[in-house]
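Since the model is a prediction, treat every value here as computed from it, not as a measurement.
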Amino acid sequence: MRDKYNEELKELNAALVEMGKMCKEAISKDVDALADTKSDDIDQIRILYEKIIKQREEIENLCYSLVLRQQPVASDLRNISSATRVIVDMERIGVNALDIAEIIPYVADSPLKTQVPILMMADAASYMVSKSVEAFVDKDIELADSVIAYDDTVDDLFDEVKSSIIESIRDGKKKDGSAAIDIVMIAKYFERMGDHAENIAKLVHYSLNE
C-alpha cells in the first residue's frame, strides 16, 4: 500500500513541476509579446492558460485519489493539502500572464515600455515561480526561504517602474498617459506573480509542519 502511495506521490510532484513549467512559459511568452507584439504570441498565452486550468483539474483529481484510496497519515494529508493550495497560486499566475497579454497590444507603440524595468520584473517573477515549485517538490526549506526573501526584489522593481512612469509624466510626456497606466498594470501583474510564488514557498514550511 505504501509503495503505491509513494508512486502516486511521485506522479503528483511531476504534475506540479509540469504546471510550474507552463506558468514559466506563459511568462516567457509575455516577454516575447512585449518585445514584439504579435497576435500569435498572445494566442499561445491563451492556449497555455487553458492548459494550466486543465493541469490544475488533473492535479486536484490526483490529490483526491491519494486521500480516498491510499489512506494517508497526518503528515501525508498536510502535504496533499499543501499541493491543492499550490495549484491555486499557479493558476492565478496563469491568470496574471493572460491579463498581461491582453494589455500588451495597448502599449505596443509606447517607448515607455523600454524605459522601465518591466523585463527585469518578468525575469524575477519567472525565477520565483520556478524555484518556489522546485522548493515545494523537493521540500527544500533553504531554497523556499531564498524565494520568500527574493520577493523584495520584485517589490523594489515595481516601485522603480512606478517612479519612472511618474517621472516621465512630470517631464511632459502626457500623450503616453494611457500607456503609462497600462504599463503600471503590467508591472502590477508581475508583482502579483511574485506574491503567488512567495505563497508557494511558504507552503514548504506548512507542508513540513515547521
Ala197 and Ser132 have their tightest heavy-atom pair at O-CB, 3.3 Å
Treating Ser163 as the side-chain partner and Asp159 as the backbone partner, does any N or O pair qualify as donor plus acceptor under 3.5 Å?
yes
May I ask you to test the Val204-Asp140 pair for a side-chain heavy-atom distance under 4.5 Å?
no
We want to know whether Lys188 and Asn96 form a side-chain donor-acceptor pair, criterion being a heavy-atom distance below 3.5 angstrom.
no
Would you compute the distance between atom CD1 of Ile47 and atom CE of Met22 and round it to the nearest 0.5 angstrom?
12.5 Å
Determine, step by step, whether Leu143 and Asp138 satisfy the side chain to side chain contact (heavy atoms under 4.5 Å, CB included) criterion, reporting the C-alpha distance in whole Å, the side-chain angles of both residues, the deciding distance to 0.1 Å, and the verdict.
CA-CA 9 Å; Leu143 180 58; Asp138 294 341; 5.8 Å; no
When you compare the side chain of Lys131 with that of Ser146, does any pair of heavy atoms fall below 4.5 Å?
no
Distance, nearest 0.5 Å, that separates OG of Ser207 from CZ of Arg78:
8.5 Å
Main chain of Ser126, side chain of Ser130: is a donor-acceptor contact present, judged purely on distance under 3.5 Å?
no
Hey, quick one: are Leu98 and Met19 part of the same hydrophobic cluster, counting side-chain heavy atoms closer than 4.5 Å, chains of contacts allowed?
no
Hey, does Met128 have a side-chain heavy atom less than 4.5 Å from the side chain of Asp151?
yes
Output for pair (Ile183 CD1, Ser178 OG), nearest 0.5 Å, gives 10.0 Å
Assess the residue pair Val154 and Met120 against the criterion (side chain to side chain contact (heavy atoms under 4.5 Å, CB included)); give the C-alpha distance rounded to whole Å, side-chain angles, the decisive distance to 0.1 Å, and a yes or no.
CA-CA 9 Å; Val154 178; Met120 291 177 66; over 6 Å; no
Verdict with reasoning, Arg56 to Val88, per side chain to side chain contact (heavy atoms under 4.5 Å, CB included)
CA-CA 8 Å; Arg56 174 187 171 172; Val88 170; 3.6 Å; yes
Salt bridge check, Glu57 against Lys54: does any charged N sit closer than 4.0 Å to a carboxylate O?
no
Pro111 versus Gln115: any side-chain heavy-atom pair under 4.5 Å?
yes
Validation row: Glu25, Lys29 side chains within 4.5 angstrom (heavy atoms):
yes
Testing the basics here: between Leu203 and Ser82, what is the closest heavy-atom pair and its distance to 0.1 Å?
CD1-O, 3.8 Å
So how far is it from Lys21 NZ to Gln55 CD, rounded to the nearest 0.5 Å?
11.0 Å
Give a yes/no verdict on a cation-pi contact between Arg192 and Phe158, requiring under 6.0 Å between NZ or CZ and the six-membered ring centre and an angle within 45° of the axis.
no
Do you know the tightest heavy-atom contact between Met121 and Ala187?
CE-O, 3.2 Å
Is any side-chain heavy atom of Asn79 closer than 4.5 Å to a side-chain heavy atom of Lys139?
yes
Treat each ILVMFWY residue as a node, draw an edge where side-chain heavy atoms are under 4.5 Å apart, and state whether Ile103 and Ile45 are in one component.
no
Looking at every non-hydrogen atom in both residues, tell me the closest pair between Leu12 and Ala83 and how far apart they are.
CD2-CB, 4.1 Å
Pairwise distance CG(Asp30) to CD1(Ile118) - rounded to 0.5 angstrom:
10.5 Å
For Gly20 and Val133 the tightest heavy-atom approach is CA-CG2, 4.3 Å
Under a 4.5 Å side-chain heavy-atom rule over Ile, Leu, Val, Met, Phe, Trp and Tyr, are Ile80 and Tyr206 clustered together?
yes
Report whether Met185 and Ile100 are members of the same hydrophobic cluster (ILVMFWY, side-chain heavy atoms less than 4.5 Å apart, transitive linking).
yes
Audit row: Val95, Ile52, side chain to side chain contact (heavy atoms under 4.5 Å, CB included) steps and yes/no:
CA-CA 9 Å; Val95 171; Ile52 288 168; over 6 Å; no
For the residue pair Asp123 and Ile27, establish whether any side-chain heavy-atom pair is separated by less than 4.5 Å.
no
Which atoms form the tightest heavy-atom contact between Leu157 and Ala124, and what is the distance?
CD1-CB, 4.3 Å
Would you call Glu7 and Lys10 a salt bridge, using N to O less than 4.0 angstrom?
no
Using ring pair (Phe, Tyr, Trp, His ring centres under 6.0 Å), reason through Tyr150 and Tyr127 one step at a time and then give a plain yes or no.
CA-CA 9 Å; Tyr150 198 76; Tyr127 170 82; 4.9 Å; yes
For the hydrophobic clusters of this structure (ILVMFWY residues joined by side-chain heavy atoms under 4.5 Å, transitively), does one cluster hold both Tyr106 and Ile165?
no
If you measure from the Lys or Arg side-chain nitrogens to the Asp or Glu carboxylate oxygens, is any gap between Lys202 and Glu198 under 4.0 Å?
yes
Supply the atom-to-atom distance Met90 CE to Ile93 CD1, rounded to the nearest 0.5 angstrom.
7.5 Å
